[in-house]
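Below is one structure, written out as C-alpha cells, with a few remarks after it.
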Amino acid sequence: MAMNNDAEDVQLTGLAAIRDGLRKLYHGNSPAAFRFQVATIVVDLAIIIFFILTPVLQETPSFLWIDYLVAALVAADMAGRLLASTDMLRLIRQPTSWIDIFILLTLLFPQALANLAFLRILRLWSLSRSGTLWRHFEMKRLRPWREASHAVVNLLTFLFVVTGFVYTFFFRNGSGFEGYVDAMYVTVATVTTTGFGDIVLPGVAGKLTAIVTMIIGITLFVRLARALFRPNKVFFPCPRCGLQRHEPDAIHCKACGKVLNIPDDND
C-alpha cells in the first residue's frame, strides 16, 4: 500500500514538473523561453499559410498526410497550453480555445467537415489574441504599433474567411487556384466597394453575402484607419478599473481617477 502511494506521489511530482517546465516556456522571459515562443509563432504562421492554401492543395495526394500532421501540431500546442495554464477551466472557457477545438475537428475529419474548412483561418485571429505574440510587441519600438497590428490582423482574418466562404459555396467548381483567386477578387472588390467588373456572386445568396461583407469590411477598415491615424497612447492597465490605453503623460486614469505611475521608455 505504501509503495502504491509512493508511486502516485512520484507521478504527481513528475506531472507537476512537466507543467512547471511548460509554464516557463510558454510564459517565461528567459532566452530559452523566448526561442520557444518565437518557434511556436513561426509554426503557427506556417499552419495558417497551409490553411490559406488548402483549396489549392486539397486535390494533391499528400494533402491528407499534411492535414493530419497539422492536426498533431495543433493538438500538441493545445495540450501544452492547457498544462501550462494555472486555471485550466478558465482557459477552456475562452473563445480562442473553442476555435482551436473546432479547427482540430476539421483537421481530424477533413472530408466530413470540408464545407467548414474555410473557418480554419480563424486560427490567425486566435493567434492575434495570444499573449505570447503581443508580449514581444512590448519592446519600445513596437509598442505604439500594437493596436494597428490588431486591426490589420482582424481585417486579414475577415478577408480570408470570406474568401474561403465564397470559394466553398460559389466557386468550388472553378477548381483549385483559379477558383480561389476568383473568390479573393470578389471579396476584395466587395470590401473596398470598388465594383465587381466581370465576376459577381449569383442569386439572392450572393447579394446577401456581398451586403454582409461590405458592412463588416467597412467597419474593419474604419477601425484600421483610427488605429493608424489617431494619437498614440500607451498601454498600461489601471490597477483600479483596468483601463489599458492612456495618454503618454497621463497622471490620473481618465475613467476612475486613480493615480498612475506609467513607466517612461525614454528614462
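In this structure, F36 and L25 approach most closely via the heavy-atom pair CD2-O, 3.5 Å. Here the closest non-hydrogen pair linking L108 and Y68 is O-CE2, 3.7 Å. In terms of heavy-atom proximity, F160 sits nearest to M184 at CE2-CE, 3.5 Å. Looking at every heavy atom in both residues, R81 comes nearest to L91 through O-CD2, 3.5 Å. Nearest heavy-atom pair, M78 versus I101, reported as atom, atom and distance to 0.1 Å: CE-CG1, 3.5 Å. The two residues S97 and I92 make their nearest non-hydrogen contact at CB-O, 3.7 Å.
The OH atom of Y26 sits 6.5 Å away from the OG1 atom of T40 when rounded to the nearest 0.5 Å. The distance from the OG1 atom of T157 to the CG atom of L155 is 8.5 Å, given to the nearest 0.5 Å. We find the OH-OG1 distance between Y180 and T168 to be 9.0 Å, quoted to the nearest 0.5 Å.
Taking 4.5 Å as the limit, every side-chain heavy atom of L122 sits out of range of all side-chain heavy atoms of F51. Between R123 and I99, every side-chain heavy-atom pair lies at or beyond the 4.5 Å cut-off. Between V186 and Y167, every side-chain heavy-atom pair lies at or beyond the 4.5 Å cut-off.
When the shell of 6.0 Å around CZ of F109 is examined, it contains 12 or fewer heavy atoms from other residues, nucleotides or ligands.
Side-chain N or O atoms of S85 include none that pairs as donor or acceptor with a backbone N or O of L82 at under 3.5 Å. The backbone N or O of I103 lies less than 3.5 Å from no partner atom in the side chain of R120, so there is not a single donor-acceptor pair.
Of the listed residues (I47, V70, I66, L73), just one forms a side chain to side chain contact (heavy atoms under 4.5 Å, CB included) with L107, and that residue is V70. The side chain to side chain contact (heavy atoms under 4.5 Å, CB included) with I121 is formed by just one residue from the set L156, I48, L159, T54; it is I48.
Annotation: side-chain contact (heavy atoms from CB on, under 4.5 Å) contacts of I49 (sequence neighbours excluded): L53.
Among residues at least two apart or in separate chains, salt bridge (Lys or Arg N to Asp or Glu O under 4.0 Å) pairs with a member in residues 20-39 are D20-K24.
Hydrophobic clustering (side-chain heavy atoms under 4.5 Å, transitive across Ile, Leu, Val, Met, Phe, Trp, Tyr) keeps L64 apart from L69.
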Practice item. For side-chain contact (heavy atoms from CB on, under 4.5 Å), just list the numbers for V166 and Y185, CA-CA rounded to whole Å, side-chain angles, deciding distance to a tenth of an Å, and then say yes or no. Key: CA-CA 10 Å; V166 171; Y185 170 78; over 6 Å; no
